[in-house]
Amino acid sequence: MGRFFITTPIYYVNDAPHVGHAYTTVNADAIARWHRLCGEEVFFLTGTDEHGAKVAESAAEHDMAPLAWADRTSARFKAAWSGLDIAYDDFIRTTEPRHHRAVQSFLQRVYDNGYIEKGLYQGLYCVRCEDYYTEEQLIGGNCPVHGTPVSFMEEENYFFRLDAFADRLLEWYEEHPEAVRPATKRNEALGFIKGGLQRISITRTSMHWGVPVPWDDAHVFYVWYDALINYATAIGYGSDEERFARWWPSVHHLLGKEILRFHCVWWPAMCMAAGIEPPANLFVHGWLLFGGEKLSKTMLQRLARSAEELAITDVAPDVLTDDFGVDAIRYHLLRAPLGSDSEFSYDGIVARYNADLANNLGNLVARVATVVGSKCGGIGPAPDPRSPLAAIADEVRVEAAAAWARFAPHDALGATWRLIGGANSLLESSEPWKMEPGPEVDAVLGSALEALRIVALLASPAMPATCAEIWRRIGMAGTPEDRRVPDDARWGGYPGGLAVSKGDPLFPRRRD
RNA sequence: GGCGGCGUAGCUCAGUUGGUCAGAGCACACGGCUCAUAAUCGUGGGGUCGCGGGUUCGAGUCCCGCCGCCGCUACCA
């Protein structure tokens, strides 16, 4: 049996969960669900990143201990994922003891291997921020946050010798052309490496909200440095080597383009430095963008809790799921091409909802149930082995599987929807509602039901609840998740003789 | 400034190594149907593929320049 390990980035607890987070997480969830459907042993990891100066500051501002503050925001992420029907296998928090142990073990190894050295970190420092800035970040030579003058400071830090890995990284990219996808993102990472790498300061003494450095207790690790290691922590790095070896390095990291450098340059180098293989698969997705045009006040009110200028990070997932339903939002997020940026708008959601969900899928379910009710006494007949839909279903099954496998849910769903179109078309050309009950009617309606069964199976990673409901309405026992692709997605799996029920519209058409 | 990406029908997007590559879906128009959530099915209009050059028998597809967006530029989740 195959194994499939997929991760999202761990989300920083200073942010509230927003649609950008949901985009990554829903995609990872759907892909994980697909692999479970394929019968693989799946480990889907997400979580929260809870260290660093910003968390400590925010906690102080709220008069809370850092951990209490982190508890609160971490819980909001869990709630958001629950609201989006995310079936993760593990939710890691970087404040957990297991993570501290793994980080210390990992970085001690790097230290012992000679890739961490003490050095002087110099920069422009704002005392009130307790943070360094580059000259470009300053506004009029002053701190961008406080507007006050910054001072030149230096502190003794430990540095990771990233610069020592340039050649090995280039070699690794050469030997693993598919490791970073899509190719455009791979090129960006390569460009960064070829541009020259410097050593990285990885510890702090100015603040203490972090993982203690095992060989020098005056320091804690810089937040990014501990964060990346979560992927190793969760599969037993440093505590259960057997388990770790089972899942590593054939991981699939899904991440947004803004953190490409950390994942595609730092992280592989860190792994090399610690003496483990770099992650085998890094898939970098683009952003959802608001086109910057025609954002009506209505839309603003609907999407954002409060915003003058609406950004994707202002939109909370629950605002959307309350409005459209969980599966509709999951579906919409999954129809955005994953590797590149794509437009995101309220009107776009409405349009897709009406076209794909209400008109095509929802209406097909309704019309089939009604005609089965009137012409077959509500008992679904068996499909016709020679139905024209059989060939479409074959094609769609193969295409959808290939698309899910290459992290292209939008293509997988596009293919799946062709079977819906085929079924609507077959009904139109056969007109079973005009025919007398008999074998001919049975063949058409049985085939339509079979199409719905296959669609419910293939689309279940995207819309688990809706597909389970379709499954139930056509009389199937259990849920699509109990089945396996590709075998159960082959034409002829609908047994016939099952009670078909009508039910309310799955996706009531929107009039806005 | 440097590095990288993008600019294809009204909208959202496809278009490997240059030769049915001018496409899909939505929207729109017309026709059919009425089982269905005024749904569905069929047909059609519509783009000098950002602009200007160049290479080539032939270029959205390669090269140069320009215009317009955008990301990264190192310790920012």
Side-chain angles (χ1 to χ4, degrees), chain A residues 9-15 20-21 48-49 51-55 121 123 131-134 136-137 157 159-160 162 183-185 187-192 194-204 222-225 227-228 255-263 265-266 286-287 289 291-294 313 335-337 340-345 347-348 350-352 354-375 410-411 414 417-418 420-421 423-435 445 448 502 504-511:
Chain A
I10 49 175
Y11 304 112
Y12 202 53
V13 291
N14 244 26
D15 275 339
H21 298 121
T48 45
D49 182 15
H51 293 307
K54 288 186 181 174
V55 172
Y121 184 66
D131 204 2
Y132 289 90
Y133 292 98
T134 60
E136 296 91 58
Q137 290 174 315
N157 282 169
F159 285 78
F160 171 58
L162 181 64
T184 55
K185 298 298 192 292
N187 290 338
E188 277 190 45
L190 275 172
F192 186 79
K194 288 173 180 165
L197 299 177
Q198 300 170 19
R199 60 180 197 169
I200 307 163
S201 161
I202 60 165
T203 67
R204 297 288 184 271
Y222 168 57
V223 59
W224 258 108
Y225 239 65
L228 287 163
L255 57 132
K257 65 178 184 178
E258 74 283 1
I259 50 178
L260 178 152
R261 201 176 63 242
F262 303 108
H263 281 82
V265 181
W266 290 20
W287 285 352
L289 304 171
E293 25 146 338
K294 57 180 189 264
T313 49
R335 285 305 298 248
S340 52
D341 293 353
S342 58
E343 293 296 325
F344 185 89
S345 72
D347 292 343
V350 172
R352 185 118 65 194
N354 278 338
D356 292 0
L357 301 181
N359 298 352
N360 291 347
L361 175 58
N363 184 57
L364 175 64
V365 171
R367 69 194 304 203
V368 169
T370 297
V371 185
V372 168
S374 63
K375 298 291 180 183
H410 58 296
D411 285 338
W417 253 247
R418 292 215 312 273
I420 295 171
N424 273 319
S425 183
L426 175 70
L427 291 178
E428 213 58 43
S429 57
S430 321
E431 301 183 306
W433 47 87
K434 283 186 178 172
M435 299 163 23
L445 292 175
K502 171 104 200 253
D504 293 330
L506 291 172
F507 299 100
R509 192 179 160 83
R510 306 271 304 202
R511 299 296 166 197

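Here is how names work: the chains are called A, B, and so on, in the same order as the sequence lines, proteins then strands, and each is numbered from 1.
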Atom pair distance, as rounded to whole Å: CH2 in A:Trp224 and C1' in B:C76
9 Å

Any cation-pi pair here, A:Lys375 with A:Trp433, using under 6.0 Å and within 45°?
no

OP1, OP2 of B:U37 versus side-chain N and O of A:Lys502: anything below 4.0 Å?
yes

Write down the distance separating the P atoms in B:G5 and B:U16, rounded off to the nearest Å.
16 Å

Name the residue closer to the 5' end of RNA chain B, choosing between A:Ser429 and A:Arg352 according to the nucleotide with the nearest heavy atom.
A:Arg352

Report yes if a side-chain nitrogen or oxygen of A:Arg418 is closer than 4.0 Å to either non-bridging phosphate oxygen (OP1 or OP2) of B:A24; otherwise report no.
no

Mind checking the P distance from B:C11 to B:C28? Whole angstroms is fine.
15 Å

What form does the base of B:G32 take, syn (within 90° of 0) or anti?
anti

Ring-on-base stacking B:A77 with A:Phe262 (under 5.5 Å, under 30°):
no

Over all strands shown, is A:Leu364 touching base, sugar-phosphate only, or nothing at heavy-atom distances under 4.0 angstrom?
nothing

Can you measure A:Phe507 atom CZ to B:U37 atom P for me and round it to whole angstrom units?
16 Å

Pairwise C1' distance for B:U20 and B:U61, with rounding to whole Å:
15 Å

For B:C51 and B:C69, measure between their C1' atoms and round to the nearest Å.
15 Å

With a 3.5 Å limit on both atom pairs, tell me what B:U20 is paired to, counting Watson-Crick and G-U wobble, or say none.
none

Which whole number of Å gives the distance between the C1' atom of B:C49 and that of B:A24?
15 Å

Output the rounded distance in Å from CG (A:Asp411) to C1' (B:G25).
13 Å

Under 3.5 Å, is there a donor-acceptor pair between the A:Asn363 and A:Arg509 side chains?
no

Taking the same atom, C1', in B:U56 and in B:C64, what whole-Å distance lies between them?
16 Å

Comparing A:Leu361 with A:Ala355, nearest RNA chain B nucleotide closer to 5' gives the residue A:Ala355

For atom CD1 of A:Ile259 and atom P of B:C75, their distance in whole Å
17 Å

Quote, to the nearest angstrom, the P distance that separates B:A59 from B:G18.
13 Å

Whole-Å distance, A:Leu445 CG to B:C35 P, equals 14 Å

B:U40, OP1 or OP2 - any side-chain N/O from A:Asn360 closer than 4.0 Å?
yes

Got a donor-acceptor contact below 3.5 angstrom from the A:Tyr12 side chain to the A:His51 backbone?
yes

What does A:Ser340 touch in the nucleic acid at a heavy-atom separation under 4.0 angstrom: a base, only the sugar-phosphate, or nothing?
sugar-phosphate

Considering every strand and a 4.0 Å limit on heavy-atom distances, what is the contact class for A:Ala336: base, sugar-phosphate, or nothing?
nothing

Determine the Euclidean distance between corresponding C1' atoms of B:U48 and B:G44; express it in Å to zero decimal places.
22 Å

